[in-house]
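See structure below.
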Amino acid sequence: MTTPFPFTAVVGQDDLRLALLLNAVSSQVGGVLVRGEKGTAKSTAVRALSALLPAVDVVSGCRFSCAPRSPDPACPDGPHEPGPGAERPARMVELPVGASEDRLVGALDIERALSEGVKAFEPGLLADAHRGILYVDEVNLLHDHLVDLLLDAAAMGASYVEREGVSVRHAARFLLVGTMNPEEGELRPQLLDRFGLTVEVTASREPDQRVEVVRRRLAYDDDPAGFAARWAGEEAAVRARIVAARELLPSVRLGDGALRQIAATCAAFEVDGMRADIVMARTATALAAWAGRTDVLAEDVRQAALLALPHRRRRSPFDAPGLDEDKLDETLEEFGGPGGDEGDDDPGPGPGGGPGGQPQPDDGPQSDGDTVARPEAGEGSEPQPGSGGGAGERTPARAAEPFRTKVLSVPGLGEGVAGRRSRARAEHGRTTGARRPRGALTGLHLAATVQAAAPHQRARGRSGPGLVVRRDDLRQAVREGHESNLVLFVVDASGSMAARQRMSAVKGAVLSLLLDAYQRRDKVGLVTFRGSAAEVVLPPTSSVDAAAVRLESLPTGGRTPLAAGLLKAHDVLRVERLRDPARRALVVVVTDGRATGGPEPVALAGRAARLFAAEGTACVVVDCESGPVRLGLAGQLAGELGGAAVTLDELRADSIAGLVRDVQGATGARRAA
C-alpha cells in the first residue's frame, strides 16, 4: 500500500487545508471545490486528508458500510441487527472522469429482476465512499449527468438506482472533494452552487517557499515511510483535534448576531437563493468547533464568507470568482455592534492554529508536480511576426453587450460527447429503437425484451406467471439525445472590419456565441486572420472564458487574407479529428466576405472554402457587411463552404428578420409538400 504524503507536511495552502479540515469536522458543510493551476498540491492534500480521518465501525460483511449501532433499515444487504461491528480506516474513493453511470451509482441485474424478481445489486463508487471521502479530480470535465447524480447523492445522503420499475436505495454520506483547473473549462453556476466551499490555490512565487516544497517532496520520494514517520506526531495531533471538534460541534451556539451578519453578508453580495446562508452558518459553526469554542464569532463568519461565497457570485462564465474583502468587512462591522454575540475583540488563536482555527502559515505550497509560472490569460495574444501587425493596427475595441443567439447545430446524427447542441445517439434521451446489447446492458428496452422472449416460453417450460428470460432476449434501448461539438471561430480582424462600432458589434456577437457554447458544453477554438497571415489565437479548449479574454484583446488592421484563415482552420480541424474523432465540428466564419492581398485572393479563398464542403464540415458564415451598398460576398462564401449565412441581426434569438425567414421557409416547405 502506498504511503500518502502527510497532510501536516503540505507547505502553505492554508485555505485549502482549512476547507478540507472543516469538512472533516462537519459533513454538513457540503464538500469543497478546489480550483487552481496544475502542480499546486490539490491532489496531494486531498489524498493526505484520508489518513487523518478517524476509523469507522461497520457491520461485518456489509457492502454499504452500515454503522453497527444504527444500521440503515433500507440497506440492500440488510436488515442488520444492532450490535458490535468491525473497525476499518475511512476510505478515499476516486471517481475517474471517464466513469459510467453504473460505475458511479451501481448496477442492477435486470435479467434476474425480470425472471426471478430478485433485486441483485452491484454497489458503485457512491456505496464505497459512504462515511469516507469521494474525490473527483478534474470535476469540470465530468459529464453533466454524472455531476448531477453525484451532487444529488451528496445533498440527500442517499443514492437511488431506478431501472425499469426496479428501485434500490442505500445511504451515501461522504466528504465530497472536487478539483479542477479553470483553464480547462468551468462548471455550470448551478453546479458550482452545490459545492459548500471553494478555494483558489496557486503556486508560491517566493523562492524560499519553493525551495522547501522541493526539499520535502524529494525527501518523501526517496523514503515515503521514513518521511511519514517524521510527521507522525503532527498527524496524530491533528487527528485528535478532528475528533475533539466533532464532539464539540453539537454544543456550538450560533447566536442571532452571527445569523444577522450571515444574512446581511449574503444579501450584500447578491447571492442567489438561500443555500449560501445555510452553508455559511454550518461553516462558521465548524470553525468555532475547530478552534475549540462554543460560540460563533465575527471572525468565524468572515472566514466562512471567504470560503462559501466567491463561487456563488458568478453570473456568467466570463466573471472571475472572488470577494471584495473591504466590502465584507464593512458589512460585518455594520451588522455587528451591540447584541451581536461578538465576544472579545481578540479571542487569540484557536488550539493549534491561527485566529478562528486557521492553520498556521507554513513555508510554502507543496507541489505534486512541476509548477511553471504562467502568464495571465490574455498575454501572448499580441501580434506575432507575419500576422500583419504594425502599420494600420488599431487599439482593440470593446465587445458589445452579449445576447441570446439562435441555435446553430451540426446536421445529421452524431455519436460524440454528451452535450446540448446537435442531435446524437446517447445514453440518455428519447428512446428511438432497440438492439442487442454490445457488452454490458446499460439501458433496457422492456417491450422489445418481452417481445423477444415471448415466442420461446413454451419451449423453455414456463409453468408459472413469471417470464422465462434468457440473456439473448435482452434488448438495449437506442436513445437519441444531444452532443457537444467543437465550435471553431474564424474571425476576420482586417482593416475592413476595424471600424470601432462595427468591431464592437462583431466581438459582441462572438462573445454571445461563446456564451452559447459554454451553456451547450462545447469545446471552442479561435482563429483570426489579418495582414498577410492567420493565427491560432486559442487552440481548441473547454475554457470559453479563455477565448473571451483572447477576443477582448484582439487587434485589428491590415489586409484580408481570407484564404489563409480558412486554411489555418482546416489544419486545426485535421489535428482535432485525430485527437477526438467522435466530436463533430461547427465552423463559424465571422467576416464581411472580402478577400485582399496576394495574387488571386478571391480564387484562393474559394478553393480553401471548397475543402470544407468536400469533407462535409458544418459551416456558418456570420455576415458582418454593413452600409447601404452590400456586395453579398459573405453569402457567396457560405455557398462555397456548403453552409449557411446569417447577418448579425439574424443571429439574435429574438430577431424579427430571422423569425420571418423561418416562418417563410416553413410555409414554403408545406406548400411544396
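Positions are given from 1, in the same order as the sequence printed here. The figures here come from the full heavy-atom set of this structure, side chains too, leaving out hydrogens, waters and symmetry mates.
- To the nearest 0.5 Å, atoms CG (L249) and CZ (R282) are separated by 10.5 Å.
- A donor-acceptor pair is defined here as one N or O able to donate and one able to accept, closer than 3.5 Å; no such pair exists between the side chain of E234 and the backbone of T8.
- The main-chain N or O of N23 is never found under 3.5 Å from a side-chain atom of S26 such that the two would form a donor-acceptor pair.
- For K42 (side chain) and R35 (main-chain N/O), no donor-acceptor pair under 3.5 Å exists by modelled atom type.
- V97 and L142 make their closest contact through O-CD1, 3.4 Å (heavy atoms, listed as atom of the first residue, atom of the second, distance).
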Next on the checklist: If you apply the rule side chain to side chain contact (heavy atoms under 4.5 Å, CB included), what do you find for F227 with F5, and how did you get there?
Outcome noted: CA-CA 8 Å; F227 184 82; F5 192 95; 3.8 Å; yes
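- Here the side chains of T198 and V32 are not in contact, with every heavy-atom distance at 4.5 Å or above.
- Taking CG of N181 as the reference point, atom OG of S542 lies at 11.0 Å (rounded to 0.5 Å).
- Ion pair E235/R230 not flagged as a salt bridge, since none of the NZ, NE, NH1 or NH2 atoms sits closer than 4.0 Å to an Asp/Glu carboxylate oxygen.
- At least one side-chain heavy atom of L21 sits under 4.5 Å from a side-chain heavy atom of F7.
- Put simply, the side chain of L18 does not reach to within 4.5 Å of the side chain of D14, judged on heavy atoms.
- Nearest heavy atom pair, residue L175 against residue A24, reads CD1-N, 3.7 Å.
- L328 approaches A305 most closely through the heavy-atom pair CD1-CB, 3.8 Å.
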Item to check | side chain to side chain contact (heavy atoms under 4.5 Å, CB included) between V56 and E87, intermediate numbers included | outcome: CA-CA 6 Å; V56 295; E87 187 178 86; over 6 Å; no
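- Side-chain contact, D137 with T179: a donor N or O sits under 3.5 Å from an acceptor N or O.
- Checking side-chain atoms of H130 against main-chain N and O of R173 turns up a donor-acceptor pair under 3.5 Å.
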Checklist entry - When you look at R302 and E299, which way does the salt bridge (Lys or Arg N to Asp or Glu O under 4.0 Å) test go after all the steps? => result CA-CA 5 Å; R302 185 182 193 278; E299 67 185 57; over 6 Å; no
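- Figure legend: R260 and F335 shown without cation-pi pairing, the cationic atom not lying both under 6.0 angstrom from the six-membered ring centre and within 45 degrees of its axis.
- The heavy-atom pair separating A284 from D300 by the smallest distance is O-CB, 3.8 Å.
- Salt-bridge annotation for R169 and D72: present, with a side-chain N of the basic residue lying under 4.0 Å from a carboxylate O of the acidic one.
- At least one side-chain heavy atom of R246 sits under 4.5 Å from a side-chain heavy atom of P54.
- Remark: the Y135 side chain and the S43 side chain contain an N/O donor-acceptor pair separated by less than 3.5 Å.
- Taking OG of S50 as the start and CE of M92 as the end, the distance is 5.5 Å to the nearest 0.5 Å.
- Side-chain atoms of R404 do not come within 3.5 Å of backbone N or O of R652 as any donor-acceptor pair.
- Within the 3.5 Å criterion, the main-chain N or O of G12 finds a donor-acceptor partner in the side chain of R17.
- With L125 as the partner, the side-chain contact (heavy atoms from CB on, under 4.5 Å) test is satisfied by one option alone out of V136, V93, V105: V93.
- Rounding to the nearest 0.5 angstrom, the gap separating the CG atom in L307 from the CG atom in L33 is 12.0 Å.
- Remark: N140 engages no residue in a side-chain hydrogen bond (donor to acceptor under 3.5 Å, both in side chains) (not counting sequence neighbours).
- A donor-acceptor contact shorter than 3.5 Å is absent between the side chain of T294 and the backbone of V252.
- There is no side-chain donor-acceptor pair under 3.5 Å between R253 and T285.
- Residues I133 and F174 have side chains not in contact (no heavy-atom distance under 4.5 Å, counting atoms from C-beta outward).
- Remark: side-chain polar atoms of H311 are paired, donor with acceptor, to backbone N or O of F195 under 3.5 angstrom.
- Taking the side chain as every heavy atom from C-beta outward, S27 and R131 never approach each other to under 4.5 Å.
- Taking CD from Q261 and CD from E333, the interatomic distance works out to 10.5 Å, rounded to the nearest 0.5 Å.
- Using modelled atom types, one side-chain atom of R205 and one backbone atom of A203 make a donor-acceptor pair closer than 3.5 Å.
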Checklist entry - Does the side chain to side chain contact (heavy atoms under 4.5 Å, CB included) test come out yes or no for V549 and L538, once each step is laid out? => result CA-CA 10 Å; V549 171; L538 184 72; over 6 Å; no
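- Residues V487 and K523 are not in side-chain contact: their nearest non-hydrogen atoms beyond the backbone lie 4.5 Å or more apart.
- No cation-pi contact links R216 to Y220, judged by a cut-off of 6.0 Å to the six-membered ring centre and 45° from its axis.
- When all heavy atoms of A548 and L511 are compared, the pair lying nearest together is CB-CD1, 3.7 Å.
- Using a 4.5 Å heavy-atom threshold, the side chains of L176 and L151 count as touching.
- Side-chain N or O atoms of R312 include one that pairs as donor or acceptor with a backbone N or O of D193 at under 3.5 Å.
- Across all non-hydrogen atoms, the minimal contact from A19 to V199 is CB-CG1, 3.9 Å.
- For CZ of R69, the number of neighbouring non-hydrogen atoms (other residues, nucleotides, ligands) closer than 6.0 Å is 12 at most.
- A salt bridge is defined here as a Lys NZ or Arg NE, NH1 or NH2 lying under 4.0 Å from an Asp or Glu carboxylate O, and D152 with R194 meets this definition.
- Electrostatic pairing of D57 and R88 does not count as a salt bridge here, judged by no charged N lying under 4.0 Å from a carboxylate O.
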Item to check | Derivation of the side chain to side chain contact (heavy atoms under 4.5 Å, CB included) call for K507 and L554 | outcome: CA-CA 9 Å; K507 286 187 175 182; L554 181 67; 4.0 Å; yes
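- Note: L20 CG to L52 CG = 10.0 Å, rounded to the nearest 0.5 Å.
- A salt bridge does not link R420 to D522: none of the charged nitrogens lies less than 4.0 Å from a carboxylate oxygen.
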